[in-house]
Amino acid sequence: MDRRSSIKTLVIICAATALLPSCVQDEKKKSSLALKNIKIDGNEEELLSKVSETIIPTTGTPGAKDISAHLFALMMVDDCYAPAEQGKFVKGLKAFEEFSKKKFNKPFVKCTPAERLEILELIENKKEAPQNVAFFYNNMKGLTIQAFTSSKYYLTKVHIYQLVPGKFYGCVPI
């Protein structure tokens, strides 16, 4: 074996070693947000988008998923919640997925819209839902509604924001 062919073989092996990790598909997707305090992967982010979409579905108007309410909720939990509440939210998220698997033997993301609605109604009516699942759902519902009602669409098309309601008279004789 001469030096030229051994160097060529070494280069091919190094290139294959460098490219191999990118070829292997990992089941966990990366989150689209860089969060500082909580760890959420892409599958959990997709679960949050389905929960927010079930809370405010897309009809003739954009829904919660269209305005990225799940990303707003993640940012609020990451930036504004206390560390204990952040941990409780993430544990509730994982327990929510387990609750869905227990109820329908499949993840929440794979459930039909009717099944998703049934799961949320069970939690809403405080039937069979563990406390951490209820904590997660109540916070997610509140953040989804807050994201939707503070969105550009809502403030320009549904509830038109007026800086000063009515008429303003700057100079009125007293």
Are [X] and [Y] packed together at the side-chain level, in the sense that at least one heavy-atom pair is separated by less than 4.5 angstrom?
X      : Y      : result
Lys39  : Val90  : no
Lys91  : Phe135 : no
Lys152 : Lys157 : no
His70  : Glu53  : no

Residues that Phe148 engages under ring-ring contact (aromatic ring centres under 6.0 Å, His included), provided they are two or more places apart: Tyr154

Pairing residues for Lys141 by the salt bridge (charged side-chain N to carboxylate O under 4.0 Å, His left out) criterion, not counting sequence neighbours: Glu124

Contacts of Asp66 that satisfy salt bridge (charged side-chain N to carboxylate O under 4.0 Å, His left out) - sequence neighbours left out: none

As an exercise, state the distance from [atom1] of [X] to [atom2] of [Y], rounded to the nearest 0.5 Å.
X      : Y      : atom1 : atom2 : value
Ser100 : Leu122 : OG    : CG    : 10.5 Å
Phe89  : Met76  : CZ    : CE    : 11.5 Å
Leu117 : Glu121 : CG    : CD    : 4.0 Å
Lys36  : Asp79  : NZ    : CG    : 4.5 Å

Heavy-atom closest contact (Ile67 atom, Ala147 atom, distance): CD1-O, 3.6 Å

Between [X] (side chain) and [Y] (backbone), is there a donor-acceptor pair under 3.5 Å?
X      : Y      : value
Asn138 : Ala134 : yes
Arg116 : Val109 : yes
Thr54  : Pro113 : no

NZ (Lys106) with more than 12 external heavy atoms under 6.0 Å: yes

More than 12 heavy atoms from other groups under 6.0 Å of CD on Glu118: yes

Ring pair (Phe, Tyr, Trp, His ring centres under 6.0 Å) contacts touching residues 100-128 (sequence neighbours left out): Phe96-Phe108

Counterpart residues, side-chain hydrogen bond (donor to acceptor under 3.5 Å, both in side chains), relative to Lys94 (two or more places apart): Glu44

For Asn139, all residues meeting side-chain hydrogen bond (donor to acceptor under 3.5 Å, both in side chains), sequence neighbours excluded: Tyr81

Test side-chain contact (heavy atoms from CB on, under 4.5 Å) applied to Leu93 and Val77, Ile38, Asn132, Ile40, the passing residue: Ile40

